[in-house]
Asks: 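Take this structure first; my questions come after.
Per chain, numbering begins at 1; letters A, B, ... match sequence-line order.
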Protein chains: 2
Amino acid sequence: MEDVDSQLAQFRDFLSGEGLKLTRQRQAIAAAFYSSGAHLSLQELLDLAREREPSIGYATVYRTMRLMTDGGLATEHQFADGHARFEPAEEGEHHDHLICVTCGHILEFEDDKIEAIQDTIAAAHGMKVQSHRHEIYAECLRPECERRTAKPN
Amino acid sequence: MEDVDSQLAQFRDFLSGEGLKLTRQRQAIAAAFYSSGAHLSLQELLDLAREREPSIGYATVYRTMRLMTDGGLATEHQFADGHARFEPAEEGEHHDHLICVTCGHILEFEDDKIEAIQDTIAAAHGMKVQSHRHEIYAECLRPECERRTAKPN
DNA sequence: TTCCTTGCAAAGGATTTGCACACCC
DNA sequence: GGGTGTGCAAATCCTTTGCAAGGAA
């Protein structure tokens with residue numbers, strides 16, 4: 001886990017390495033993306049980025065996140081809520097997600113045994129694992145969770 | 001695994017039990033659904049159903065599959081291709097999916113060890129598993145697969 | 001006859017893209 | 001200055017719904 005500043009520096013290096021420009025919009029979006037530890041949707045990123053650059057449009061967030069995803073700086077996930085969510089990609093790191101069905105909070109987990117079993121299952125069918133998606137939807141039993149339940153809708 | 005006729009009979013029983021009508025359209029859709037062993041999308045179900053009842057509309061397939069899903073006769077999945085796919089639901093049965101990235105063919109798998117580990121992971125976070133989604137995307141190494149690759153697009 | 005069903009077409013909701021203008025480098 | 005980047009609006013893509021006409025029971 002790196003600090004936000006070095007992540008932003010990485011983003012700038014990525015842009016200049018690709019001959020792309022560092023605009024106010026891209027800075028605002030990247031700052032929002034790296035500052036929040038959460039798995040944000042495009043709309044949430046837009047809302048956060050607008051706190052710094054009010055005129056930013058949805059399409060710019062969309063294109064910036066695509067840029068980062070293609071460039072390997074971000075990873076995109078489609079959870080059960082049906083829209084894309086992004087998280088910073090970390091070199092050589094892999095994890096899956098544990099999602100609270102009550103408050104929507106997303107935790108990460110990693111389990112070597114599961115990974116190994118997946119390889120075995122695929123091999124049994126003459127296949128080689130390329131990627132996978134594994135999400136556990138669970139109910140949080142702790143009281144803190146219930147409090148977070150208070151949603152607008 | 002039951003034969004198609006008894007599955008269709010189950011569907012008819014379900015309809016009459018709910019006070020719903022058995023229309024030509026519903027018969028055609030259910031027949032298409034149960035006859036194909038695959039995980040079909042709404043469009044694919046529509047195409048198949050139209051072979052029997054050419055005038056069927058997309059909305060009817062949508063509503064029929066919703067009916068079956070709500071009634072517990074079908075299960076809906078959202079795989080990486082982004083649209084809903086359906087499979088017959090079997091009593092008390094659970095499985096996950098192994099998907100070939102080359103031809104898109106979907107196999108089913110089930111692993112008690114993985115299920116158990118999931119419970120452990122959730123418990124470690126004070127959570128109780130409610131459901132999960134686990135898809136393995138793999139490359140088929142057998143030549144038969146490549147042949148199936150010849151897609152229209 | 002009664003109400004459930006259907007097909008069409010339009011509404012949603014999220015994601016993508018075209019285009020003229022704005023702005024980094 | 002030149003070519004990239006942006007914002008808006010419109011186009012997609014799939015899903016969902018409203019409504020008048022059709023059809024099972």
Side-chain angles (χ1 to χ4, degrees), chain A residues 8 11-33 39-47 49-50 52-71 74-86 152-153, chain B residues 8 11-32 39-47 49-50 52-71 74-86 104 152-153:
Chain A
L8 287 173
F11 177 57
R12 285 192 293 272
D13 290 348
F14 165 71
L15 290 178
S16 65
E18 299 277 319
L20 300 172
K21 295 170 182 172
L22 179 63
T23 61
R24 284 175 294 113
Q25 292 88 334
R26 284 178 179 166
Q27 290 185 68
I29 295 163
F33 177 58
H39 295 73
L40 303 176
S41 65
L42 290 171
Q43 187 59 55
E44 289 164 348
L45 283 163
L46 175 61
D47 294 342
R50 276 189 168 154
R52 293 163 188 258
E53 283 293 328
S55 69
I56 289 185
Y58 186 94
T60 300
V61 178
Y62 167 76
R63 285 184 279 229
T64 299
M65 294 318 296
R66 165 109 86 134
L67 204 59
M68 297 182 75
T69 303
D70 290 349
T75 305
E76 178 181 345
H77 296 282
Q78 292 280 347
F79 297 120
D81 70 350
H83 45 255
R85 290 185 172 276
F86 299 84
N153 43 9
Chain B
L8 287 172
F11 177 57
R12 284 191 293 272
D13 290 347
F14 165 71
L15 290 178
S16 66
E18 298 279 318
L20 301 172
K21 293 170 182 174
L22 177 63
T23 61
R24 284 174 295 114
Q25 292 89 333
R26 284 177 178 165
Q27 290 185 69
I29 295 164
H39 296 71
L40 302 175
S41 66
L42 290 171
Q43 187 59 55
E44 289 165 347
L45 283 163
L46 175 61
D47 294 342
R50 276 189 169 156
R52 293 162 188 258
E53 282 294 327
S55 69
I56 290 184
Y58 187 94
T60 299
V61 178
Y62 167 76
R63 285 184 279 228
T64 300
M65 293 318 295
R66 166 108 87 136
L67 202 59
M68 295 181 77
T69 302
D70 290 349
T75 304
E76 178 180 345
H77 296 283
Q78 292 281 344
F79 297 120
D81 70 350
H83 45 256
R85 289 187 172 276
F86 299 82
N153 44 9

Asks: Atom pairs, N/O to N/O, protein against nucleotides 21-25 of chain D, distance under 3.5 Å?
Replies:
residue: D:dG23; atom: N2; partner: B:K21; partner atom: NZ; Å: 3.0
residue: D:dA24; atom: N3; partner: B:K21; partner atom: NZ; Å: 3.1
residue: D:dA25; atom: OP1; partner: B:L22; partner atom: N; Å: 3.4

Asks: Please state how far atom CG in B:L42 lies from atom P in D:dT17, giving the value in whole angstrom units.
Replies: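 Those two atoms, CG and P, are 13 Å apart.
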Asks: Would you check if A:I29 and A:M65 make a side-chain contact, meaning some heavy-atom pair closer than 4.5 Å?
Replies: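 A side-chain contact under 4.5 Å exists here.
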Asks: Are any of A:Y58's side-chain N or O atoms less than 4.0 Å away from OP1 or OP2 of D:dC8?
Replies: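 Answer is no, no contact under 4.0 Å.
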Asks: Looking at C:dG7, I'd like to know if its phosphate oxygens (OP1 or OP2) sit under 4.0 Å from a side-chain N or O belonging to B:S55.
Replies: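 For B:S55, the contact criterion (side-chain N or O under 4.0 Å from OP1 or OP2 of C:dG7) is met.
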Asks: Check whether any side-chain N or O of B:R26 sits under 4.0 Å from OP1 or OP2 of C:dT6, and answer yes or no.
Replies: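 Affirmative; the distance criterion is met.
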Asks: Could you check whether any side-chain heavy atom of A:H83 comes within less than 4.5 Å of a side-chain heavy atom of A:L42, counting everything from C-beta outward?
Replies: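 With C-beta onward as the side chain, the pair stays apart.
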Asks: Using whole Å, what does the distance between atom C1' of nucleotide C:dT5 and atom CG of B:L15 come to?
Replies: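 After rounding, the reported distance stands at 12 Å.
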Asks: Checking side-chain hydrogen bond (donor to acceptor under 3.5 Å, both in side chains) between A:R85 and each of A:H39, A:Q78, A:E44, which is the one that passes?
Replies: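 Answer to the side-chain hydrogen bond (donor to acceptor under 3.5 Å, both in side chains) test with A:R85 among A:H39, A:Q78, A:E44: A:E44.
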Asks: Between B:R50 and C:dG7, is there a side-chain N or O to OP1/OP2 distance below 4.0 Å?
Replies: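 The answer is no; no side-chain N or O of B:R50 sits under 4.0 Å from OP1 or OP2.
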Asks: Under the side chain to side chain contact (heavy atoms under 4.5 Å, CB included) rule, collect the residues that match up with B:A59, sequence neighbours excluded.
Replies: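 Listed in chain order: B:R63.
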Asks: Can you tell me how far the CG atom of A:L46 sits from the CG atom of A:L40, to the nearest 0.5 Å?
Replies: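 Here the interatomic distance stands at 11.5 Å.
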Asks: Let me know the distance between CG of A:L46 and C1' of D:dG7, rounded to the nearest Å.
Replies: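 In whole Å, D:dG7 C1' and A:L46 CG are 11 Å from each other.
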Asks: Partners of B:A30 by side chain to side chain contact (heavy atoms under 4.5 Å, CB included), sequence neighbours excluded?
Replies: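 Applying side chain to side chain contact (heavy atoms under 4.5 Å, CB included) to B:A30 gives B:L8, B:F11, B:Y34.
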Asks: Determine: side-chain N/O of A:Y62 to OP1/OP2 of C:dT16, distance under 4.0 Å, yes or no.
Replies: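 Checking A:Y62 against C:dT16: at least one side-chain N or O falls below 4.0 Å of OP1 or OP2.
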Asks: D:dC14 P sits how many Å from B:R85 CZ, rounded?
Replies: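 The distance from CZ of B:R85 to P of D:dC14 comes to 11 Å, rounded to the nearest Å.
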Asks: When B:E53 is tested against each of B:R26, B:Q27, B:R24 for side chain to side chain contact (heavy atoms under 4.5 Å, CB included), which residue passes?
Replies: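 So, applying the side chain to side chain contact (heavy atoms under 4.5 Å, CB included) to B:E53 and each of B:R26, B:Q27, B:R24, only B:R24 qualifies.
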Asks: Applying a 4.0 Å non-hydrogen cut-off, can you work out what A:R63 is touching in the nucleic acid: base, sugar-phosphate, or nothing?
Replies: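 Counting heavy atoms under 4.0 Å across all strands, the contact made by A:R63 includes a base.
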Asks: Let me know the distance between CD1 of B:I56 and C1' of C:dT5, rounded to the nearest Å.
Replies: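 It works out to 12 Å between those atoms.
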Asks: Provide, to the nearest angstrom, the distance between the CD atom belonging to A:E18 and the C1' atom belonging to D:dG3.
Replies: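 For the pair A:E18 CD and D:dG3 C1', the rounded distance is 16 Å.
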Asks: Figure out the CD/P separation between A:E53 and C:dA22, and round it to whole Å.
Replies: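 Result: 16 Å.
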Asks: Between A:R66 and C:dT17, does any side-chain N or O lie under 4.0 Å from OP1 or OP2?
Replies: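 It does, given that an N or O in the side chain of A:R66 lies less than 4.0 Å from OP1 or OP2 of C:dT17.
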Asks: Using whole Å, report how far CG of B:L67 lies from C1' of D:dT16.
Replies: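 These atoms are roughly 15 Å apart.
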